[in-house]
Number of protein chains: 2
Amino acid sequence: MKKKGVTSREVARLAGVSQSAVSRCFSPKASVSEATRQKILDAAKELGYRPNSIARSLTTRSSRTVAVVIHSLESPFYSMVLERAARFFQGQDYHLQLFVASPGESINDVIDSLIRSQVEGVLMLAITLSVDQASMLADVGIPTVIINRTVDYAGISQVGCDNFHGGFWAATHLARAGHHRIAFVAGLAGSSTSEQRRDGFAAGLEAAGHTLAYQDIGHYRYDDARQAARRLLSRESPPDAIFCANDLMAIAVMETARHEFGLRIPEDVSVMGFDNVAMAAWPSHDLTTVAQPIDDMVIKATELLMHQVRDEETQPQHIKLPIVPMVRGSTRPPLKC
Amino acid sequence: MKKKGVTSREVARLAGVSQSAVSRCFSPKASVSEATRQKILDAAKELGYRPNSIARSLTTRSSRTVAVVIHSLESPFYSMVLERAARFFQGQDYHLQLFVASPGESINDVIDSLIRSQVEGVLMLAITLSVDQASMLADVGIPTVIINRTVDYAGISQVGCDNFHGGFWAATHLARAGHHRIAFVAGLAGSSTSEQRRDGFAAGLEAAGHTLAYQDIGHYRYDDARQAARRLLSRESPPDAIFCANDLMAIAVMETARHEFGLRIPEDVSVMGFDNVAMAAWPSHDLTTVAQPIDDMVIKATELLMHQVRDEETQPQHIKLPIVPMVRGSTRPPLKC
DNA sequence: GTGAAAGCGCTAACAG
DNA sequence: CTGTTAGCGCTTTCAC
């Protein structure tokens with residue numbers, strides 16, 4: 001019973017009209033008389049006709065497709081961003097092509113594939129782009145918005161939050177609580193986001209007369225952060241406060257501190273994260289963190305992308321949203337002086 | 001500097017060959033002499049040529065695209081499945097079109113969109129399909145695999161695990177631990193998965209001489225499950241064991257029990273989940289659960305789908321994988337008798 | 001091995 | 001409002 005490939009021509013024949021009438025009938029601004037429209041619709045229904053959007057894309061030279069490139073779905077922050085972005089694009093009648101790009105070479109393949117697919121825009125989630133890669137996209141004229149990473153190239157839009165300030169605030173918060181041996185768990189080595197958070201954190205510590213005692217790396221992942229926590233907490237004089245480049249790692253650090261080292265949080269060690277994922281608010285984690293305005297980020301990024309897609313003239317923008325401190329129970333309260 | 005739309009014809013002209021030579025040069029089984037191949041490649045590089053895959057799809061009548069339809073990305077189980085599926089399809093040089101389908105009417109729109117896009121296959125993640133919807137896909141000849149949901153229609157493949165047995169085991173485990181007032185928190189009302197788990201659970205209780213004391217519903221979501229937990233634990237004689245249709249809800253129940261009702265787990269109330277997401281193993285949750293063989297499920301589902309895509313003759317299959325009991329600390333140990 | 005020619009299914013002028 | 005006519009950029013016979 002396969003009705004594979006019903007074409008507009010077949011519908012036209014059945015309806016006794018020209019093929020282009022059928023085409024018009026399925027176009028937004030149809031100039032078709034009610035009479036023929038009905039004939040066509042009937043014929044179409046009978047045959048189970050659906051316009052072939054590949055053919056349409058070829059003639060209109062518009063794929064109505066955007067690509068989303070994501071590094072991993074482990075972090076709930078990006079699942080959330082992806083889900084919202086997907087809903088947004090669906091609402092705009094755009095298709096979404098998903099690519100997962102592990103850090104490294106594979107990004108070039110993804111970009112190549114993207115371009116061949118004629119996607120009209122690209123949303124990069126936490127993807128670190130080289131200038132070459134960024135300019136390749138710009139050269140072929142595909143608007144691109146990077147969320148949560150920066151690239152030193154003006155031709156591409158970026159949406160993120162004030163990571164430096166977030167890190168700075170984290171430092172201030174920990175310093176006020178009277179911490180002394182303070183550690184930072186980085187995300188990825190080359191990640192601008194992680195670096196900005198660390199730089200802000202270091203600056204904040206310095207401003208408070210402290211220095212960053214230890215640094216380790218957790219690749220934004222739970223397992224790696226547990227390892228990092230083990231290393232940090234096994235030191236001769238272990239940190240009494242740990243700031244992590246995202247919430248997932250912060251939670252991993254808490255798990256390790258509590259269940260492997262028998263430490264109390266925040267009495268023995270304060271822990272802070274970044275993002276404010278839903279989980280961070282769960283009572284057992286109760287994580288003090290730097291909230292990224294996820295709604296705003298997605299809205300800004302998707303709308304900016306669509307503007308650039310629809311209007312060639314729209315210039316790439318760099319948008320930096322304010323962070324929101326979220327004080328919860330995983331950090332000691334400020335000392336009263 | 002926009003090099004928009006370099007065509008094979010332009011490459012051909014620059015290389016001094018015919019357009020079809022260029023086409024061959026970019027086809028797998030090229031029958032091109034090394035000499036011209038080199039000329040073409042040089043010209044292509046100079047112009048920044050990339051074959052337009054939309055045009056290719058139109059002529060070959062093959063989009064090399066599959067669709068993945070997902071209900072939500074809140075549950076880490078499906079994020080995981082999606083990520084793995086994405087990597088698999090990328091490895092097969094297939095594009096992945098992502099659709100998010102909130103339960104309800106929107107699925108029809110998604111299916112319509114799918115068909116127009118000429119996707120070659122569909123992977124449905126936890127999507128409840130009506131027979132009409134399922135047969136629509138089958139009628140147009142698009143192979144479809146449903147993960148973790150059943151539909152009473154043979155034309156569509158299904159991959160899932162033995163939910164009934166999982167529920168049964170959960171009941172047995174709780175009964176052995178000496179529980180009496182046992183509750184179940186369902187996922188979604190019409191969800192076959194949730195119903196099978198409940199049926200198996202009820203059967204297991206019955207086999208052990210118990211009955212299902214309470215039922216509530218959490219829509220597979222954290223927030224709703226917290227509400228359900230509040231209702232259950234506020235009862236006059238609250239349950240002493242709660243089995244939830246997925247891990248996310250089980251964790252929500254634990255959070256509520258511990259932090260809102262001051263209950264100890266498992267001393268005051270045992271909690272069980274289903275899925276075995278990564279989080280379930282984290283020490284603070286330490287959740288006893290029924291593990292779904294996620295790797296196998298994804299492999300089976302994606303490979304089955306690709307077989308059906310490549311070979312029309314491959315018949316739809318219903319695959320039921322065995323579950324794996326994961327006993328952790330959120331349930332009381334069995335009574336010694 | 002290579003070029004010419006005929007489409008894939010649709011949209012978009014252009015006449016009528 | 002409707003039909004005719006060109007393509008969109010590529011793959012694919014089919015001769016040469």
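Here is how names work: the chains are called A, B, and so on, in the same order as the sequence lines, proteins then strands, and each is numbered from 1. Quantities reported herein were computed from a predicted structural model and do not represent experimental measurements.
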Within this structure, what is the CZ-to-P distance between B/R56 and C/dC10, rounded to whole angstrom? 21 Å
A/F26 near the nucleic acid: base, sugar-phosphate alone, or nothing, with a heavy-atom cut-off under 4.0 Å? nothing
Considering only heavy atoms from C-beta outward, does the side chain of B/N52 approach that of A/Q118 to under 4.5 Å? yes
Name the residue closer to the 5' end of DNA chain D, choosing between A/Q19 and A/R37 according to the nucleotide with the nearest heavy atom. A/R37
To the nearest Å, give me how far apart CD1 (A/I54) and P (C/dT11) are. 13 Å
So what does A/S57 hit on the nucleic acid, given a heavy-atom distance under 4.0 Å: a base, only sugar-phosphate, or nothing? nothing
DNA chain C: 5'-proximal contact among B/R61 and B/R24 (nearest heavy atom): B/R24
Starting at CD of A/Q118 and ending at P of D/dG9, how long is that distance when rounded to a whole Å? 9 Å
Whole Å only: how far is the CG atom of B/L58 from the P atom of C/dC8? 9 Å
A/R9 CZ to D/dT4 P, straight-line distance once rounded to whole Å: 11 Å
Smallest separation among heavy atoms of A/P143 and A/L305, with atom names: O-CD1, 3.5 Å
Between P of C/dG1 and CD1 of B/I40, the distance in whole Å: 13 Å
Minimum-distance nucleotide to A/V32 side chain [options: D/dG3, D/dT2, D/dC10]: D/dT2
What is the distance, to the nearest angstrom, from the CZ atom on B/R50 to the P atom on D/dC10? 13 Å
Phosphate OP1/OP2 of C/dA5 contacted by B/S20 side-chain N/O (<4.0 Å): no
Determine the contact category for B/T36: base if any of its heavy atoms lies under 4.0 Å from a base atom, sugar-phosphate if only primed atoms, P, OP1 or OP2 are that close, otherwise nothing. sugar-phosphate
Looking for any heavy atom pair under 4.0 Å, which part of the strands does A/V17 touch: base, sugar-phosphate only, or nothing? sugar-phosphate
It should be established whether A/S33 places a side-chain nitrogen or oxygen under 4.0 Å from OP1 or OP2 of nucleotide D/dT2. yes
Quick one: does B/S72's side chain get under 4.5 Å of B/Y78's, heavy atoms only? no
Nearest-Å distance for atom pair CG/P, residues B/N52 and C/dG9: 17 Å
By nearest nucleotide on DNA chain C, pick out whichever of A/S23 and B/A21 is the more 5' one. B/A21
Ignoring the backbone of B/S18, work out which of C/dG3, C/dT2, C/dC10 is nearest its side chain. C/dG3
How far apart are the closest heavy atoms of B/T314 and B/H307, and which atoms are they? OG1-O, 3.4 Å
Side-chain contact check for A/T59: nearest option of D/dT2, D/dG9, D/dG7 is D/dG7
Quiz question: by atom type and distance under 3.5 Å, do the side chains of A/T193 and A/R149 form a donor-acceptor pair? yes
